[in-house]
Amino acid sequence: MALNEESAEKRKSARLVIFELANMISVPMSLNAIVRLKVADAIWQGGSNAPLSASQILQRIASTGSDPENLQRILRMLTSYGVFEEHLTIESSPLDGSASARKYSLTEVGKTLVTDTEGLSYAPYVLQHHQDALMKAWPLVHEAVLDPTTEPFVKANGEPAYDYYGKQPEMNELMLKAMSGVSVPFMEAMLDGYDGFKGVERLVDVGGSAGDCLRMILKKHPGVRQGINFDLPEVVAKAPIIPGVTNVGGDMFKSIPDGDAIFMKWILTTWTDNECKLIMENCYKALPVGGKLIACEPVLPKDSDDSHRTRALLEGDIFVMTIYRAKGKHRTEEEFKQLGQSVGFSHFRAFYVDYFYTVLEFQK
């Protein structure tokens with residue numbers, strides 16, 4: 001191929017990439033539609049996962065008058081992103097005797113949207129990301145560059161995200177359900193691959209919410225005799241009673257209850273460096289010599305690449321910047337290590353036990 005022809009082909013490819021990126025909003029919005037329509041559960045049907053046409057799916061999820069052609073358009077597009085598997089079949093036609101029909105089953109990606117026996121899935125996580133208040137913030141992402149003192153969410157909605165959630169019970173409930181759907185698979189993977197809770201008798205979970213993580217840790221490690229579920233007073237007031245767990249209300253920026261070890265998940269990533277130092281300093285004060293802070297956080301790779309993991313982490317970083325804190329962020333392993341050293345932690349280890357979160361261990 002001549003040089004000019006090669007350059008022309010590259011330009012064509014580049015234009016296609018820009019077209020795809022410009023239309024990328026079709027992907028999350030179509031995924032959102034699939035979740036709202038409960039398509040994954042309709043196909044799964046207790047594990048059968050038999051290929052279904054759009055019409056057959058609608059028979060299971062919608063009333064008459066729904067449009068199978070429009071559903072098929074969504075299914076076909078999401079098939080190109082690996083959510084569904086497409087099956088072409090030959091069916092009889094009154095016109096020419098035969099016609100091809102498209103049917104769809106769930107891939108491993110699609111199966112993450114299926115509701116399990118505990119009522120959990122990744123479906124609420126999809127819905128939580130696409131609520132109206134959050135969607136209003138996205139056209140203002142550039143404002144985080146021009147003015148990092150105020151988050152795009154605040155500019156769009158008039159107040160910080162957590163304050164807004166607190167006044168919207170349905171939003172807050174969806175967020176908690178979304179976090180449970182994500183947390184349970186991670187905690188199972190962490191408890192199978194990380195042994196840092198051995199020897200711990202009193203464990204404090206900072207930002208523990210309803211105590212789900214402590215419940216799983218205590219079940220796996222009965223040597224942990226006392227769990228402290230530490231969160232804002234209004235949060236722990238709604239926490240259920242869990243054997244071996246005491247709910248304690250407070251402010252992590254002021255003080256943290258004493259413990260042999262302190263656990264937290266997806267806490268540091270939503271705060272600035274100085275705020276993280278204050279949280280970690282209070283953790284340091286609450287630990288005995290040899291005690292440790294166990295933080296589960298998204299950790300950015302050192303190098304940028306186009307892997308699904310790197311993209312998910314970088315996209316999550318922009319989500320934090322847009323919704324929660326303009327200077328809150330996902331960090332690299334080295335950046336976390338430096339934060340720990342700045343408040344006095346002398347030992348640091350990182351354990352990769354999950355596709356998204358990393359277990360970071362800071363020892364006093």
Side-chain angles (χ1 to χ4, degrees), residues 115-125 127-128 161-268 270 279 282-283 285-288 291-297 353-354 357 359:
T115 307
D116 67 14
T117 55
E118 302 295 324
L120 300 175
S121 77
Y122 272 57
Y125 185 79
L127 294 179
Q128 192 268 333
Y162 285 124
D163 293 344
Y164 191 94
Y165 289 167
K167 299 173 183 176
Q168 305 286 336
E170 289 185 6
M171 265 186 94
N172 196 52
E173 183 179 345
L174 179 59
M175 183 181 70
L176 293 175
K177 193 170 183 180
M179 291 301 100
S180 293
V182 172
S183 292
V184 170
F186 164 73
M187 288 299 297
E188 289 174 347
M190 188 194 89
L191 291 171
D192 284 341
Y194 172 70
D195 63 358
F197 296 107
K198 291 181 179 179
V200 174
E201 294 188 359
R202 179 180 165 92
L203 177 66
V204 180
D205 184 357
V206 175
S209 189
D212 292 331
C213 292
L214 274 177
R215 186 200 306 269
M216 296 179 72
I217 293 170
L218 267 61
K219 182 177 180 181
K220 180 75 172 184
H221 296 279
V224 180
R225 298 179 181 177
Q226 185 178 16
I228 305 297
N229 182 37
F230 181 67
D231 212 314
L232 295 171
E234 60 268 29
V235 175
V236 296
K238 300 176 183 178
I241 296 174
I242 300 173
V245 174
T246 302
N247 295 313
V248 176
D251 183 345
M252 65 184 175
F253 289 105
K254 295 179 179 178
S255 66
I256 290 172
D258 294 344
D260 301 327
I262 294 171
F263 175 81
M264 61 176 63
K265 180 173 63 60
W266 213 73
I267 297 294
L268 300 177
T270 55
I279 296 168
N282 287 336
C283 289
K285 292 176 181 176
L287 291 168
K292 54 193 170 186
L293 164 61
I294 304 165
C296 304
E297 302 286 344
V353 298
D354 183 71
Y357 292 104
V359 180

Minimum heavy-atom distance [X]-[Y], with the two atoms named:
X: Phe197; Y: Ile294; answer: CE2-CD1, 3.7 Å
X: Val206; Y: Met252; answer: CG1-SD, 3.8 Å
X: Ala286; Y: Ile262; answer: CB-CD1, 3.9 Å
X: Ser209; Y: Ala239; answer: O-CB, 3.8 Å
X: Asp260; Y: Leu287; answer: O-CD2, 3.7 Å
X: Gly208; Y: Asp231; answer: N-OD2, 3.4 Å

Spatial distance of atom [atom1] ([X]) from atom [atom2] ([Y]) [nearest 0.5 Å]:
X: Tyr162; Y: Asn172; atom1: OH; atom2: CG; answer: 10.0 Å
X: Asn247; Y: Ile242; atom1: CG; atom2: CD1; answer: 7.0 Å
X: Lys292; Y: Leu203; atom1: NZ; atom2: CG; answer: 10.5 Å
X: Cys296; Y: Leu268; atom1: SG; atom2: CG; answer: 10.5 Å
X: Gln128; Y: Met175; atom1: CD; atom2: CE; answer: 7.0 Å

Subject >> Salt bridge present between Lys220 and Asp192 (N-O < 4.0 angstrom) >> reply: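 Judged by the 4.0 Å cut-off on N to carboxylate O distance, Lys220 and Asp192 do form a salt bridge.
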**OP:** Apply side chain to side chain contact (heavy atoms under 4.5 Å, CB included) to Glu173 and list each qualifying residue two or more places apart in sequence or on a separate chain.
**Re:**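 Result, side chain to side chain contact (heavy atoms under 4.5 Å, CB included) vs Glu173: none returned.
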**OP:** Answer yes or no: is there a donor N or O on one side and an acceptor on the other, between the side chain of Asn282 and the main chain of Ile256, under 3.5 Å?
**Re:**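 No, because the side chain of Asn282 does not come within donor-acceptor range (under 3.5 Å) of the backbone of Ile256.
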Under a 4.5 Å cut-off applied to non-hydrogen side-chain atoms, are [X] and [Y] in contact?
X: Gln226; Y: Thr246; answer: yes
X: Trp266; Y: Val182; answer: no
X: Leu214; Y: Phe263; answer: no
X: Ser183; Y: Met216; answer: no
X: Tyr125; Y: Lys177; answer: no
X: Val359; Y: Met190; answer: yes

Subject >> Derivation and outcome, side-chain contact (heavy atoms from CB on, under 4.5 Å), residues Asp212 and Met187 >> reply: CA-CA 10 Å; Asp212 292 331; Met187 288 299 297; over 6 Å; no
**OP:** Please lay out, stage by stage, how Val236 and Val248 fare under the test side-chain contact (heavy atoms from CB on, under 4.5 Å).
**Re:** CA-CA 7 Å; Val236 296; Val248 176; over 6 Å; no
Subject >> Chi angles and distances behind the side-chain contact (heavy atoms from CB on, under 4.5 Å) call for Lys265, Phe186 >> reply: CA-CA 10 Å; Lys265 180 173 63 60; Phe186 164 73; 3.7 Å; yes
Subject >> Pair Glu118-Ser180, side-chain contact (heavy atoms from CB on, under 4.5 Å): steps then yes or no >> reply: CA-CA 10 Å; Glu118 302 295 324; Ser180 293; over 6 Å; no
Subject >> Side-chain donor-acceptor pair present, Asp205, Asn229, cut-off under 3.5 Å >> reply: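 Not at all, the side chains of Asp205 and Asn229 share no donor-acceptor pair under 3.5 Å.
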